[in-house]
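Here is the structure we will look at, set down as structure tokens.
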Amino acid sequence: MIVKSLFWFALGIAGGFVAAHLVNKDPRGQELLAQLDSRIGEFTDHMSDAYHQQETRLSEIIDDAKGVAASAVDRASEAIGDAAASAKTAATSTD
């Protein structure tokens with residue numbers, strides 16, 4: 001089953017190359033292929049721009065999350081220090 005699928009896949013690729021070669025021989029075909037290439041280039045440019053925009057957004061979200069986490073750690077550290085100082089004061093006042 002897999003061999004049959006691979007055969008048809010390879011045949012499709014070979015047929016595509018032959019068709020592209022025949023189309024490229026005709027001036028109208030060359031124009032068509034140039035337009036196709038231009039559209040593919042535009043598509044890849046749009047995809048690249050969208051990827052970079054998303055990457056920037058995610059980077060900003062991660063930076064915000066790091067800031068919030070650092071703030072939470074600082075507050076927790078201060079609370080622990082305050083609790084330790086209060087416990088020490090309470091322990092020394094009961095002696």
Side-chain angles (χ1 to χ4, degrees):
M1 187 69 172
I2 292 175
V3 174
K4 184 178 179 180
S5 296
L6 288 175
F7 169 76
W8 285 111
F9 180 72
L11 188 63
I13 289 175
F17 278 116
V18 169
H21 180 70
L22 293 174
V23 168
N24 196 29
K25 283 185 176 183
D26 185 17
R28 293 176 298 176
Q30 289 175 351
E31 183 180 333
L32 176 70
L33 290 177
Q35 288 176 355
L36 180 64
D37 185 49
S38 173
R39 289 181 182 171
I40 290 172
E42 289 175 13
F43 175 76
T44 57
D45 289 344
H46 288 300
M47 291 300 292
S48 178
D49 291 343
Y51 173 82
H52 290 299
Q53 288 174 358
Q54 187 68 14
E55 185 178 38
T56 301
R57 279 188 236 145
L58 290 175
S59 178
E60 291 170 357
I61 291 170
I62 289 170
D63 290 343
D64 289 345
K66 284 180 182 178
V68 168
S71 176
V73 167
D74 290 342
R75 288 180 188 163
S77 177
E78 289 174 7
I80 290 170
D82 291 345
S86 295
K88 185 175 183 179
T89 303
T92 57
S93 66
T94 59
D95 288 340

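Residues take their numbers from the sequence shown, with the count starting at 1.
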Worksheet item: Atom CE in Met47, atom OG1 in Thr44: separation rounded to 0.5 Å?
Response: 9.5 Å
Worksheet item: In chain order, what residues pass the side chain to side chain donor-acceptor pair (under 3.5 Å) check against Asn24, with sequence neighbours excluded?
Response: none
Fill in: side chain to side chain donor-acceptor pair (under 3.5 Å) pairs, two or more places apart, involving residues 57-84
Gln54-Arg57
Fill in: Residues clustered with Phe7, ILVMFWY side-chain links under 4.5 angstrom
Trp8, Leu11
Worksheet entry | Rounded distance (nearest 0.5 Å) linking atom CG of Leu33 with atom CD of Gln30 | 8.0 Å
Item to complete: Quick one: name the residues clustered hydrophobically with Phe17, using the 4.5 Å side-chain heavy-atom rule over I, L, V, M, F, W, Y, and just say none if it's on its own.
Response: Phe9, Ile13
Discussion item. Taking transitive links into account, so neighbours of neighbours count too, which hydrophobic residues share a cluster with Leu22 at under 4.5 Å side-chain distance?
Written reply: Val18
Item to complete: Would you list the pairs meeting salt bridge (Lys or Arg N to Asp or Glu O under 4.0 Å) in which at least one residue belongs to residues 25-43, sequence neighbours left out?
Response: Asp26-Arg28
